[in-house]
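Presented below is the structure to which this report refers.
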Amino acid sequence: MNPAVVDSILTSRSRYLEELTRFIAIPSVSALPEHAGDTRTCAEWLSEQMTAIGLQNVRIIATAGHPVVYGDWLNAPGAPTVLFYGHYDVQPVDPLDQWTSPPFEATIRDNELFARGATDDKGQLFVHLKAIEAHLKQGGGLPVNARVIFEGEEEIGSPNLDQFIRDHKDELACDVVVISDSPMFEKGVPSICFGLRGLSYFQIDLRGTTTDLHSGSFGGAVANPAFVLAQVLSQMKDRGGHVKIPGFYDDVRALTEREREEYKRLPFNEKQYRKNLGAPKLHGETGYSTLERTWARPTFEVNGLLSGFTGEGAKTVIPATAMAKISMRLVPNQDPDKIAGLFESYVKKVAPKSVELKVTRMHGGKPWMTELDNAYIQAAARAIELGFGKSPVYTREGGSIPVVATFQSELNAPTVLFGFGTPDENAHAPNEKLDLDNFFGGIVASAYLYEEIGKIGK
Ligand code: BES
Ligand code: MN
Ligand code: MN
């Protein structure tokens with residue numbers, strides 16, 4: 001590679017941080033209507049940044065929700081086309097009082113940059129903008145053709161993205177997709193992720209009566225929705241952590257002995273993991289290790305509960321309603337729609353007639369897994385070696401990026417998950433952060449990645 005590319009990356013570090021700080025300062029919280037204007041402003045900032053680094057045809061494309069930002073550089077005839085995907089929207093910041101520094105003011109402490117979006121995904125997508133810039137400005141061009149799309153609705157389940165992809169198939173045509181929106185195995189252990197879980201998300205609402213009731217006058221006469229909700233939820237899993245929804249495991253791809261052996265060889269310290277989480281004891285499906293449980297087995301989780309009196313003191317009341325947000329993480333080859341149907345039938349069966357039950361499907365996404373013997377994954381491994389001086393380990397992840405399955409089905413394109421986060425970076429939580437060695441190392445590794453993909457040819 002032209003040495004000027006890496007040199008320019010190493011000498012531009014403070015400018016990169018200044019720019020990332022401005023990107024992060026725009027509170028593009030996709031879930032909150034009061035931030036819709038900020039999310040738009042963020043898309044505009046990004047489009048200006050993309051033009052400034054030398055991308056062409058940069059456009060903000062409207063969707064039914066927050067816009068997609070597109071740009072390309074297609075001047076490498078005969079070279080593969082890489083589609084870069086990332087998301088510029090971020091999660092809400094609550095609980096705000098638990099942040100050590102303000103969430104939208106990027107603050108560096110101990111070589112880590114703290115802010116909402118630092119790792120998920122503003123910092124990670126910015127890695128590619130800077131690597132692309134270095135090639136375009138210092139290397140005389142990119143060794144690949146590039147198409148870049150950034151969406152503003154990933155954190156709310158990408159409600160408009162599949163349609164967008166179907167509507168813009170020609171503009172998105174590519175040989176491979178590159179995404180940096182996942183953690184590496186741990187700091188100092190760069191990795192390539194070859195599997196993601198899928199998701200099926202629901203809200204369930206129970207109503208017992210038209211209004212809250214005096215629990216003395218009416219206690220004993222009617223069902224208590226809070227209690228019924230607890231009973232219903234308790235029937236979703238047994239004590240060994242197995243999901244009891246009939247048919248739930250039918251399509252689960254079993255772990256092979258070889259995979260189990262490979263997971264065991266990873267430098268995973270279960271005791272330290274438990275300590276870092278502050279959990280008195282780890283818990284999960286019997287018969288599986290922690291990595292197997294989080295990467296390769298499906299789960300049923302309660303994400304939130306709401307019912308009755310939760311203020312200070314005591315109030316004798318039977319709540320009229322109870323609500324739960326629940327979600328299931330899915331693994332190959334479970335299908336989110338099929339699982340949603342199984343859940344709906346089961347919850348209707350186990351809920352007693354004494355309450356009214358409403359089940360609402362929220363978002364969902366397919367699980368994903370790729371073979372490791374593909375040329376792009378091997379190019380990524382070489383790039384990590386060149387950028388970090390170490391060969392990568394191969395991981396799966398428990399999180400979901402539903403669009404990865406859509407890229408495969410609609411564009412027939414494989415994805416390389418080239419993530420530079422670490423598992424302890426507090427994504428979705430207070431004090432989200434990004435390790436700066438990984439940020440700068442990621443830019444260098446990405447610059448090499450394009451070179452390595454270019455060598456594969458068409
Ligand atoms: N970057 C994450 C996905 C992720 C997390 C990948 C951990 C690998 C490991 C992404 O922004 C995210 O949070 N996705 C959501 C998807 C959902 C809203 C459909 C998730 O996993 O909950
Ligand atoms: Mn993300
Ligand atoms: Mn996220």
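Counting starts at 1 for both ligands and their atoms, in listed order.
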K122 NZ/CZ over F23 ring centroid, <6.0 Å and within 45° of normal: yes
Ligand-residue contact atoms, ligand 1 with P183, heavy atoms, under 4.0 Å: 8 (C), 9 (C)
Can you give the donor-acceptor pairs under 3.5 Å from side chains of residues 335-343 to other protein atoms, not counting sequence neighbours?
from	atom 1	to	atom 2	distance (Å)
D335	OD2	D337	N	3.2
D335	OD2	K338	N	3.0
K338	NZ	D251	OD2	2.8

Closest protein heavy atom to atom 10 (C) of ligand 1, given as residue, atom name and distance to 0.1 Å: E154 OE2, 3.1 Å
Contact check: R329 vs ligand 1, nitrogen or oxygen atoms, below 3.5 angstrom: yes
Nitrogen or oxygen atoms of H87 and ligand 1 under 3.5 Å apart: yes
Residue that, paired with E259, satisfies salt bridge (Lys or Arg N to Asp or Glu O under 4.0 Å) out of R396, R297, R265: R396
Closest to atom 3 (C) of ligand 1 among A31, S400, G364 (heavy-atom distance): S400
Where ligand 1 meets E397 - atom numbers and elements under 4.0 angstrom, heavy-atom basis: 8 (C), 9 (C)
Beyond-backbone contact of T100 with R109, side-chain heavy atoms, under 4.5 angstrom: yes
Atom indices of ligand 1, in the order listed, that fall short of 4.0 Å to a heavy atom of S182: 8 (C)
Atoms in ligand 1 flagged as close to I401, the criterion being non-hydrogen separation under 4.0 Å: 3 (C)
Donor-acceptor contact present, side-chain R40 to main-chain H35, <3.5 Å: no
Atom 6 (C) of ligand 1 - nearest protein heavy atom and its distance: D181 O, 3.7 Å
H428 N/O to ligand 1 N/O under 3.5 Å: yes
For residues 364-378, dump all side-chain donor-acceptor pairs below 3.5 Å to protein atoms at least two apart in sequence or in another chain.
from	atom 1	to	atom 2	distance (Å)
N374	OD1	Y376	N	2.7
N374	OD1	I377	N	3.0

May I have the list of side-chain donor-acceptor pairs in residues 433-447 shorter than 3.5 Å, sequence neighbours left out?
from	atom 1	to	atom 2	distance (Å)
K433	NZ	E112	OE1	3.4
K433	NZ	E112	OE2	3.2
D435	OD1	K187	NZ	3.1
D435	OD1	D437	N	2.9
D435	OD1	N438	N	3.1
D435	OD2	K187	NZ	3.1
D437	OD1	N111	ND2	3.1
D437	OD2	N111	ND2	3.4
D437	OD2	K187	NZ	2.9
S446	OG	G442	O	2.7

Environment of the Mn ion (ligand 3) in terms of protein N/O/S atoms, cut-off under 2.8 Å: D120 OD2, E155 OE1, E155 OE2, H428 NE2
Side chain, backbone, both or neither: the part of L199 lying under 4.0 Å from ligand 1 by heavy atom: side chain
